[in-house]
Asks: 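Following this message is one structure expressed as structure tokens.
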Amino acid sequence: MLSSKAKERFHADPAAAIEHELKAFVLGSPLNRMPTTRELLIFDEPLVRFADGNDPLYKEYKTLIDPAHLTPFEALTKSLEGGPAMVPSQLSVVSWVLPITEETRITNRVETKAPSRRWSHTRYYGEEFSNEVRRFVVQVLTELGALAVAPMLQPYFRTSSNERVGLFSNWSERHTAYAAGHGTFSLSDGFITERGIAHRCGSVVTDLPLPASRRTYADHYSNCLFYVDGSCRACIERCPAGAISEQGHDKLKCMGYLRNIGYLPMPDAYDDEKSVAGCGLCQTKVPCEYGIPVKINKKTAE
Ligand code: B12
Ligand code: SF4
Ligand code: SF4
């Protein structure tokens, strides 16, 4: 339930109010806590930006990814009874990035074969919490009388594969993050934001008018050192599966490795401890781990 103060904030400046609510929810939620050490957060304060639901990029994604990749209009329409007539043509997308904490990143840096327990917990409990964030944003927008949907929570959400891009889903969170100007893709396939590549991200489509955030990057690879000046390649060395090369990321090799690790065996696991291993070694102990390396290098040279 939104307080009357929160409603006032929404009335005055909806974009700033959503950012405020989202940050407060992430930092205050008891679900954003490591199961082993409740004092530790799973995610730091989120980055919040907005994409224009009619951004031509979404049409481009149909060619770049697959015709099945949904536009915001399709994502909202498919979730409502009543079809297209119910959905206004002007839509916005709230996009957020949940940076993985330093405490977790440090533990993953020393690993060389499988992720640390905290990384694995971020994969399992962190994704459960990400879904809570999705539900929270939908609830806030609905309370304000707006239409809202988190495509990843819909029964229509699915992953698939094609010859062009291999594995893909019909709603790529990172492609919306790109549209909202959060950052760019990279050699390892991860998405590099102001808070680096070690994060999870999410989004909600709404008909609440929100000002689209500016994209300031020259192209979709500008934050990765390899694409900027041919240097770095640290992720190639980090990957235990040999899934990253100068040609990019081999999704099948990566997925095969993730499946192989499967659930981390934890001999001292407490009752009910869940661990989807994940991996993410290519997202720690690399120059893009917690910032934009291109900017960091520039600053060091000054
Ligand atoms: C399927 C999937 C996988 C597959 C395939 C990944 C992939 N790259 O598509 C596998 C199993 C391999 C995988 C592995 C991992 N995943 Co995963 N996965 C997904 C999922 C469910 C869908 C991804 C998708 O739709 N991809 C679409 C395709 C098309 O993307 P793509 O091929 O990478 O895109 C390329 C092209 O578009 C290209 N491109 C070419 N021309 C152009 C032009 C323009 C204009 C643009 C914009 C782009 C572009 O650039 C991109 C990069 O090369 C998402 C959740 C979601 N719904 O988004 C999570 C997600 C991508 N995974 C995530 C994570 C964290 C992981 C792991 C680290 C596992 C873990 N948790 O420990 C590893 C990392 C692997 C890696 N090196 O990136 C995060 C990524 C966050 C981040 N930091 O980038 C996501 C977003 C989940 C989340 N909710 O946060 N994953
Ligand atoms: S480790 Fe280097 S080459 Fe790999 S994604 Fe990060 S910046 Fe790019
Ligand atoms: S997630 Fe692991 S296996 Fe996949 S590319 Fe990164 S380091 Fe390699």
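FYI, side chains are in, hydrogens and waters are out, and symmetry mates aren't considered; it's all heavy atoms of this structure. In each ligand, atom 1 is the first atom listed, and ligand 1 is the first ligand listed.
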Asks: Flag atom 61 (C) of ligand 1 as yes if some protein heavy-atom distance to it falls below 4.0 Å, otherwise no.
Replies: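 Within 4.0 Å: yes, protein heavy atom nearby.
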
Asks: Which residue owns the protein heavy atom closest to atom 7 (S) of ligand 2, what's the atom, and how far is it?
Replies: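 Residue, atom and distance for the closest contact: Leu225 N, 3.5 Å.
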
Asks: Within ligand 2, which atoms have a heavy atom of Cys235 less than 4.0 Å away?
Replies: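 Answer, ordered by atom number: 1 (S), 3 (S), 4 (Fe), 5 (S).
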
Asks: NZ of Lys285: more than 12 outside heavy atoms within 6.0 angstrom?
Replies: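 Counting neighbours around NZ of Lys285, 12 or fewer heavy atoms of other residues, nucleotides or ligands fall under 6.0 Å, so no.
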
Asks: Are there any protein N/O/S atoms under 2.8 Å from atom 4 (Fe) of ligand 3, and if so, which?
Replies: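 The answer, once waters are left aside, is Cys254 SG.
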
Asks: Does the protein place a non-hydrogen atom closer than 4.0 angstrom to atom 20 (C) of ligand 1?
Replies: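 Under 4.0 Å from atom 20 (C) of ligand 1, zero protein heavy atoms found.
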
Asks: Could you check atom 6 (Fe) of ligand 2 against the protein and tell me its nearest heavy-atom contact, residue, atom and distance included?
Replies: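 Among all protein heavy atoms, the one nearest atom 6 (Fe) of ligand 2 is Cys288 SG, 2.4 Å.
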
Asks: Answer yes if the side chains of Thr104 and Thr101 hold a donor-acceptor pair under 3.5 Å, and no otherwise.
Replies: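 A donor-acceptor contact under 3.5 Å links the two side chains.
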
Asks: Using a plain distance cutoff, I'd like to know if Arg174 has any nitrogen or oxygen under 3.5 Å from a nitrogen or oxygen of ligand 1.
Replies: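 Yes, there is a polar N/O contact under 3.5 Å.
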
Asks: Would you say that Arg117 contacts Met34 through its side chain, given a criterion of any heavy-atom pair below 4.5 Å between the two side chains?
Replies: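 SC-SC contact between Arg117 and Met34 ruled out.
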
Asks: Just by distance, no angles: are the side chains of Tyr58 and Thr176 close enough, under 3.5 Å, to form a donor-acceptor pair?
Replies: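 Per modelled atom types, Tyr58 and Thr176 side chains form a pair under 3.5 Å.
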
Asks: Determine, using heavy atoms of Ser188 and all atoms of ligand 1, whether some pair is separated by less than 4.0 Å.
Replies: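 It does, in that a heavy atom of Ser188 comes within the 4.0 Å cut-off of ligand 1.
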
Asks: Check each atom of ligand 3 against the heavy atoms of Pro240 and keep those under 4.0 Å away; list them by number with element.
Replies: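 Those atoms are 7 (S).
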
Asks: Can a donor-acceptor pair be found between the side chains of Thr159 and Ser169 at a distance below 3.5 Å?
Replies: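 There is no such pair between these side chains.
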
Asks: Show which atoms of ligand 2 fall inside a sub-4.0 Å distance from at least one heavy-atom site of Val286.
Replies: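 Under 4.0 Å from Val286, ligand 2 has these atoms: 1 (S).
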
Asks: Answer with side chain, backbone, both or neither: which part of Arg233 has a heavy atom less than 4.0 angstrom from an atom of ligand 2?
Replies: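 For Arg233, only backbone atoms sit under 4.0 Å from ligand 2.
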
Asks: Heavy atom of Cys282 under 4.0 Å from ligand 1?
Replies: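 So Cys282 counts as touching ligand 1.
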
Asks: Does ligand 1 come near enough to Phe191 that some N or O of the ligand is less than 3.5 Å from an N or O of the residue?
Replies: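 Indeed, backbone or side chain, Phe191 has an N or O that close.
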
Asks: Flag Ser186 as yes when one of its N or O atoms lies below 3.5 Å from any N or O atom of ligand 1, and as no otherwise.
Replies: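 Between Ser186 and ligand 1, no N or O pair is found under 3.5 Å apart.
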
Asks: Out of Arg200, Arg158, Arg134, Glu60, who gets a non-hydrogen atom closest to atom 64 (C) of ligand 1?
Replies: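 The residue whose heavy atom sits nearest atom 64 (C) of ligand 1 is Arg200.
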
Asks: Would you say atom 54 (C) of ligand 1 makes contact with the protein, given that contact here means a non-hydrogen protein atom less than 4.0 Å away?
Replies: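 It does not; no protein heavy atom is within 4.0 Å.
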
Asks: Which bit of Thr122 gets closer than 4.0 Å to ligand 1, counting heavy atoms only: side chain, backbone, both or neither?
Replies: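 Neither; nothing of Thr122 gets under 4.0 Å from ligand 1.
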
Asks: Using heavy-atom distances only, which candidate in Ser160, Ser161, Cys201, Ser172 approaches atom 86 (C) of ligand 1 most closely?
Replies: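 Selected option, by shortest heavy-atom distance: Cys201.
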
Asks: Please lay out, stage by stage, how Glu111 and Leu281 fare under the test side-chain contact (heavy atoms from CB on, under 4.5 Å).
Replies: CA-CA 7 Å; Glu111 300 297 341; Leu281 295 187; 3.9 Å; yes

Asks: Please could you name the atoms of ligand 2 that Cys232 approaches to less than 4.0 Å, counting only its heavy atoms?
Replies: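 That gives atoms 1 (S), 2 (Fe), 3 (S), 7 (S) of ligand 2.
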
Asks: Which is closest to atom 58 (O) of ligand 1 in terms of heavy atoms, Met255, Glu173, Arg215?
Replies: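 Shortest heavy-atom distance from atom 58 (O) of ligand 1: Glu173.
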
Asks: Should you measure from each heavy atom of Phe226, which atoms of ligand 2 turn up under 4.0 Å away?
Replies: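 What qualifies from ligand 2 is 3 (S).
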
Asks: Using distance alone, determine whether Ser169 and ligand 1 share an N or O pair under 3.5 Å.
Replies: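 Yes, at least one N or O pair falls under 3.5 Å.
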
Asks: If you apply the rule salt bridge (Lys or Arg N to Asp or Glu O under 4.0 Å), what do you find for Arg233 with Glu237, and how did you get there?
Replies: CA-CA 7 Å; Arg233 301 180 183 86; Glu237 299 303 317; over 6 Å; no

Asks: Tell me whether ligand 3 is touched by Gly242 - counting only heavy atoms on the residue side and a distance under 4.0 Å.
Replies: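 No heavy atom of Gly242 comes that close to ligand 3.
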
Asks: Is it the case that ligand 1 has an N or O less than 3.5 angstrom from some N or O of Trp119?
Replies: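 Yes; the residue has a nitrogen or oxygen that sits under 3.5 Å from a nitrogen or oxygen of the ligand.
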
Asks: As a check for students: among Arg195, Arg123, His220, Met152, identify the option with a heavy atom nearest to atom 46 (C) of ligand 1.
Replies: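 Selected option, by shortest heavy-atom distance: His220.
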
Asks: Counting heavy atoms only, which of Tyr178, Phe157, Tyr221, Trp171 comes nearest to atom 47 (C) of ligand 1?
Replies: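 The nearest heavy atom belongs to Tyr178.
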
Asks: Using heavy-atom distances, let me know which of Phe168, Phe185, Tyr227 sits nearest atom 51 (C) of ligand 1.
Replies: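 Going through Phe168, Phe185, Tyr227 one by one, Phe185 has the nearest heavy atom to atom 51 (C) of ligand 1.
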
Asks: Between Phe50 and Val93, does a side-chain contact (heavy atoms from CB on, under 4.5 Å) hold up when you go through it step by step?
Replies: CA-CA 6 Å; Phe50 308 100; Val93 192; over 6 Å; no

Asks: Any atom of ligand 1 sitting under 4.0 Å from a heavy atom of Glu127?
Replies: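 Per 4.0 Å heavy-atom rule, Glu127 contacts ligand 1.
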
Asks: Quick check on Gly202 - does any of its heavy atoms sit under 4.0 Å from an atom of ligand 1?
Replies: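 The answer is no, since Gly202 has no heavy atom less than 4.0 Å from ligand 1.
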
Asks: Centroid separation under 6.0 Å, is that true for the rings of Tyr221 and Phe185?
Replies: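 Ring centroids of Phe185 and Tyr221 are no less than 6.0 Å from each other.
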
Asks: On a heavy-atom basis, I'd like to know which of Leu64, Val165, Asp189, Ile65 is closest to atom 35 (C) of ligand 1.
Replies: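 Checking each option, the heavy atom nearest atom 35 (C) of ligand 1 is found in Asp189.
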
Asks: Starting from atom 8 (Fe) of ligand 2, what is the nearest protein heavy atom, named by residue and atom, and what distance separates them?
Replies: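 Looking at atom 8 (Fe) of ligand 2, the protein heavy atom closest to it is Cys224 SG, 2.4 Å.
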
Asks: Checking side-chain polar atoms at under 3.5 Å, does Asn108 have a donor or acceptor matched by the opposite partner on Arg105?
Replies: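 No, no side-chain donor-acceptor contact under 3.5 Å.
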
Asks: Look only at interatomic distance and state if Ile197 has a nitrogen or oxygen under 3.5 Å from any nitrogen or oxygen of ligand 1.
Replies: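 Between Ile197 and ligand 1 (N or O atoms, distance only) the closest approach is under 3.5 Å.
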
